[in-house]
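Structure record follows, encoded as structure tokens.
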Amino acid sequence: MLVVAECEQLPVPQARAGEPGAWDVLFQRYQLPLYAYVFELVRHEQTSLDIVQETFINAVRHIESLREDEKFGSWLFGIAHQKCVQQWRRRSHNERLLDEAAGAASDFQAGPDELLIRKEDETEFMKSLRQLSLPHRSALLLHFVEEFSVEEIAAITQTQTGTVKSRLHYAKKAMRKIVQQKL
Amino acid sequence: MKKPRDVLLDRHRWAEPKLDSIRQDVLASLQPASDWEARWWRRNSEAPWSFREVLLPIRWHLTGLGAAWVLIILLNLDSSAAAQHAGQNAPSPRQLLAALREHRRQLAELLKPSPNLAEPSEPNALVPEIRGAIQICAMA
């Protein structure tokens, strides 16, 4: 499988021009992280595959709405996130999306590359992740899977940066026992 | 030890064949059957987006214009109803013609010289005669 190194520039201009080869590269780059993100939110295999397909189709149709080429990843995840939100609403009208007040998370500093998980803790890590509420899980997944910045996560989830920081702080605190700091 | 990203991706790597299939399906839909079809799809996929982009900034102006037109139409309906009502009380053409003839007759009567003016009028007893005229007649 062709993997585009992160330092390489993604062929977004060529994709805008409609080149199928460029779209192939972009989809290969993001298909697995996108699926992992969607699945951890909706927790249903077929629904996750459908959402990924719809996300790709929408990306092709509405590539003109992407303002900056370097934001392609966060833009793509934003489309997928909205589809997940629609799925949540369809499933349960009574589900409350808990939210804390923005302004907390003063000690949110550790980046995703500084956190490591032991092999024997991987299952516990996934279990703890799935116990988080959807907003917290969403923020943490975006932080882990694609290492999006707080601003990018706020744009994807259409929330304030303070809210994102607060959610990340809470989510990491909840998983503190599993996730270990790099020594 | 692994990074959280690697843990997550490894957990779902089994889905890659299905994701490859989805990717191929989407890419296949990108291939146009002909140049004409490609242009048609491009034009029709862009048009609603640009149409929306054009209308959205001026939606309030369009709403105001629409309201003004509705008002104009309502006012026109009201005045045409009044005109219709006035039209119902208007005299018929025959009545108008008869009235016109009557007016003409009256006008002709006013303008026509009176037949009594041609004959010598009888002396008016109240108007005094000239004495000289009476005496001359008497002497004759």
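Chain letters run A, B, ... following the sequence lines, proteins first, then strands; residues in each count from 1.
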Check your understanding: Does the pair B:K18/A:E45 count as a salt bridge with the N-to-O cut at 4.0 Å?
Key -> yes
Check your understanding: For A:V145, is it the side chain, the backbone, both, or neither that has a heavy atom closer than 4.5 Å to a heavy atom of chain B?
Key -> both
Practice item. Working to the nearest 0.5 Å, report the span between CD1 of B:I22 and CG of A:L49. Key: 4.5 Å
Point to revise | A:D24 versus B:Q24, side-chain donor and acceptor atoms under 3.5 Å | key: no
Check your understanding: How many angstroms lie between atom NZ of B:K2 and atom NZ of A:K119, to the nearest 0.5 angstrom?
Key -> 5.0 Å
Check your understanding: When clusters are formed by joining ILVMFWY residues with side-chain heavy atoms under 4.5 Å apart, either directly or through shared neighbours, do B:L71 and B:L62 land in the same one?
Key -> no
Check your understanding: Can you tell if the side chain of A:Q31 reaches within under 4.5 Å of the side chain of B:D20, non-hydrogen atoms only?
Key -> yes
Study note, to complete from the structure: The interface call for A:L140 against chain B, heavy-atom contacts under 4.5 Å, is neither
Review point. Do A:Q53 and B:R23 have side-chain heavy atoms sitting under 4.5 Å apart?
Key: no
Practice item. For B:W69, look at atom CH2 and say whether over 12 heavy atoms of other residues, nucleotides or ligands are found less than 6.0 Å away. Key: no
Check your understanding: Linking I/L/V/M/F/W/Y whenever their side-chain heavy atoms sit closer than 4.5 Å, directly or via other members, would B:L107 and B:L96 fall into one cluster?
Key -> no
Exercise for review: Please determine if B:R5 and A:E147 form a salt bridge, counting it only when a charged side-chain N lies under 4.0 Å from a carboxylate O.
Suggested key: no
Check your understanding: Out of curiosity, B:L27 CG to A:W23 CH2, how far, rounded to the nearest 0.5 Å?
Key -> 9.5 Å
Review point. Taking every heavy-atom pair that is under 4.5 Å apart, which of B:D6, B:D10, B:V7 has the most such pairs with chain A?
Key: B:V7
Practice item. Step by step, work out the side-chain contact (heavy atoms from CB on, under 4.5 Å) result for B:H12 and A:L32. Key: CA-CA 7 Å; B:H12 297 288; A:L32 188 56; 4.3 Å; yes
Review point. Counting only heavy atoms not in B:R104, do more than 12 sit closer than 6.0 Å to its CZ atom?
Key: no
Point to revise | Side-chain heavy atoms of B:S29 within contact of A:I57, under 4.5 Å | key: no
Review point. How about B:L8 and A:L129: do any of their side-chain heavy atoms sit closer than 4.5 Å?
Key: yes
Practice item. Treating Ile, Leu, Val, Met, Phe, Trp and Tyr as nodes and any side-chain heavy-atom pair under 4.5 angstrom as an edge, say whether B:W14 and A:I51 lie in one connected cluster. Key: yes
Check your understanding: Where does A:T55 contact chain B at under 4.5 Å (heavy atoms): side chain, backbone, both or neither?
Key -> neither
Exercise for review: Counting only heavy atoms closer than 4.5 Å, note whether B:D25 contacts chain A via side chain, backbone, both or neither.
Suggested key: side chain
Check your understanding: More than 12 heavy atoms of other residues, nucleotides or ligands under 6.0 Å from CZ of B:R59: is that the case?
Key -> yes
**Study point:** Residue A:Y35 versus chain B: region with a heavy atom under 4.5 Å
**Key:** side chain
Point to revise | Linked, directly or transitively: B:L65 and B:I58 (ILVMFWY side chains, under 4.5 Å) | key: no
